[in-house]
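Beneath this line is the structure, given in structure tokens, with notes to follow.
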Amino acid sequence: MFYDLNVPWSDNSRELQRTIAFLDELGYDTVALAHTLTGRLPADLLIWPPQTPPIPSPLPFPTSRRLRILRRCNISLTDAATNHRIPQLQKHYDIVAARPTDEKTLAQACTNLDVDLISLDLTQRFEKHFKFPMLGAAITRGVKIELCYSQALLSSDPNAKRNLIGNATQLIRVSRGRGLVFSSEAKSVLGIRAPSDVINLASVWGLGHERGKDGLTKEPRAVVEFARLKRTSFKGVVDVIYGGEKAVEEKETGKKATNAQKRKAASMESTPVSLSEQEKPASKRQQKRNKKAQEESEKEKADE
Amino acid sequence: MLDIRKDDGPHSKVFFSHTLLPGYIDPRNPSTKKKPFSTFLAQPFSHTVDLILPEEIYELVQAHLEKASVGQLHYARVFMRLGELLEGDFFTEYIKKGNIMMLSEGRPLADNVFSLYEGKLRLELDRATYERCGLVGQPVEDGGRKHQKARWVVEYDLRAPSMLHGKKGFSRLEWACRNVLNQSLMWLFSDLRSSTVEALRKGPIAKHHPFVATVQPETSVLENVASPNLTISGLSGLYKQEVSMALLEWLHLANLNSPRVRQDNQIDSFLSRYEVPDFGGEIVSQGLVRVRWRGFISPRFVRELYLRARKHSLQVEEDKRDGEGGTSYLEEDRWCAITAKAFEGYGGCYTVMQFAGRDTLTWECD
């Protein structure tokens with residue numbers, strides 16, 4: 001299972017369709033289409049109920065059935081103080097990634113932010129070198145570091161390649177090969193490379209063959225699965241797969257049903273019990289009172 | 001590029017052996033432990049088999065190879081689910097009573113692949129599928145980090161008496177096939193008991209509508225090949241690594257019909273410095289013939305091909321026989337070679353070079 005977690009979404013659907021078809025042909029199994037958000041979040045994400053994200057579902061062109069397509073959002077971190085409203089982004093996108101631009105935002109992303117991936121723009125020159133404790137903090141938390149290899153391949157800037165190689169070798173050395181994910185950031189078909197080629201490229205930059213393969217299979221799988229667990233289950237421990245939706249048969253179980261419903265947590269609904277339409281089961285005293293009232297009314301009827 | 005690359009790419013090995021065949025080979029029951037027969041059996045699924053021999057030797061065996069029963073290969077392609085292998089007629093006729101081999105689609109170290117050979121069902125699964133299946137398996141290396149298990153192999157011997165419907169172990173396998181491994185996949189199927197097309201068209205597999213393929217051999221003539229003049233007496237000079245690999249390289253280049261092994265090879269030495277090795281003798285120009293089969297090839301087919309080619313084309317004359325089934329003529333230089341390549345993930349390739357008499361050279365590459 002090979003993953004390519006960063007294919008930039010573009011409105012030019014022909015080019016994107018070609019890119020995705022080529023990825024399928026090269027043997028990738030899961031592809032994430034990425035949409036970049038900078039600065040303040042657009043308003044339509046903040047209202048309730050939320051509007052659809054810019055990447056439509058289903059996609060406007062047909063894709064291979066074997067390929068699994070995810071939706072991803074890159075947040076560009078320019079200022080350490082803004083609130084990025086990540087929980088709301090998590091509702092819309094399968095993966096949320098942070099792209100820090102300087103030292104402070106990198107530190108914030110590594111230690112605090114609840115993102116799934118930290119993606120660095122490796123074609124820029126960073127003033128300070130990477131330090132292991134910061135990256136190590138991210139890796140222990142489960143946030144992986146992403147290396148995108150295709151920006152420098154296609155760019156016209158001569159420094160881009162040089163910066164990419166320098167930054168990539170530094171990152172691989174500092175992170176000791178752990179917690180790295182490889183993805184293309186290919187805007188066109190020409191920037192995509194087959195999985196073995198990416199592993200060989202990583203091996204040239206100093207990452208062993210085995211860890212290179214991990215960076216394309218195991219680590220991205222971890223990212224995708226953890227992101228999924230964050231969204232669909234409670235802290236990765238409890239996930240309701242089948243809620244027992246059989247409304248008709250509960251009448252037979254009578255007593256058992258009322259006892260079960262007496263516990264508020266048993267229904268596992270997200271709305272609190274006070275607001276739900278469920279009837280609270282009558283307490284024993286109330287049942288006695290009802291019975292008495294019923295008997296008295298029957299007595300009155302009999303008297304009449 | 002940068003001097004920080006670690007040398008930990010795959011290390012492929014080639015095992016070279018020079019063996020003497022047993023004096024008498026019973027065609028119905030040849031040995032299974034001696035080379036080259038053990039080499040044939042060690043590679044169950046091959047996709048290409050090439051028979052390379054000098055022209056004059058090919059003429060002796062040509063008529064026999066064109067006979068349908070020998071030279072033709074039959075196999076089938078079906079779309080099936082794994083569970084369908086284990087039910088009804090298919091299970092009893094083919095797996096319990098018969099002998100088949102099957103291979104599913106998928107890349108060996110990336111997808112979930114299944115194979116069936118000699119009654120042993122082998123499921124190669126990734127971590128998520130293995131955990132959902134609930135079957136017991138062994139972890140296996142997949143090219144990733146060494147002590148983090150990511151791939152498991154589950155094996156079942158379907159011919160064992162405990163593999164019957166109703167038994168617990170078998171029903172666990174059935175549960176997994178029903179709930180987890182229930183995708184319809186493309187399989188390659190070959191019946192090792194019978195070699196006719198009707199058996200494939202009418203047997204229990206017919207209800208899955210197989211596509212039956214019949215493979216005819218393709219013959220191509222390679223003219224003017226510069227070949228080393230190897231005789232049996234010179235075989236002991238091949239024991240050094242470079243020398244045996246040079247012979248293998250020449251054989252494979254001839255197999256590829258490469259212009260570098262032609263007699264009239266002229267190429268700028270900047271582009272290629274290959275020279276045909278002479279092994280201390282001389283280089284003669286002869287024509288070679290390559291007969292190729294491409295399909296789902298079983299070890300039995302290769303073995304039959306080998307025995308027939310040897311019997312018809314490499315016969316030792318009466319006056320040159322020594323008592324043990326070999327030849328006493330030390331300048332014997334007639335040979336034929338068989339190369340078989342395996343499906344990816346199920347082996348590498350092997351080459352067997354048989355001289356007239358008892359000498360056999362085998363190269364097994366993994």
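A note on names: the letters A, B, ... follow the listed sequences, proteins ahead of strands, and every chain is numbered from 1. Bear in mind that the values here come from a model prediction, so they are computed numbers and not experimental data.
Most heavy-atom pairs under 4.5 Å with chain A: of the set B:Ala110, B:Gly144, B:Ala150, this distinction falls to B:Gly144.
B:Phe343 has its ring centre no less than 6.0 Å from the ring centre of B:Phe45.
Interface remark: A:Asp29 contributes side-chain atoms only to the contact with chain B (heavy atom separation under 4.5 Å). For chain B, the nearby part of A:Arg221 is the side chain; its heavy atoms alone come within less than 4.5 Å.
Remark: the A:Glu146 side chain and the A:Ser183 side chain contain an N/O donor-acceptor pair separated by less than 3.5 Å.
Each of B:Val14, B:Thr351, B:Thr39 was compared with B:Glu364 under the side-chain contact (heavy atoms from CB on, under 4.5 Å) criterion, and only B:Thr39 meets it.
A salt bridge links A:Lys230 and A:Asp114; the closest N-O separation between the charged side-chain nitrogens and carboxylate oxygens is under 4.0 Å.
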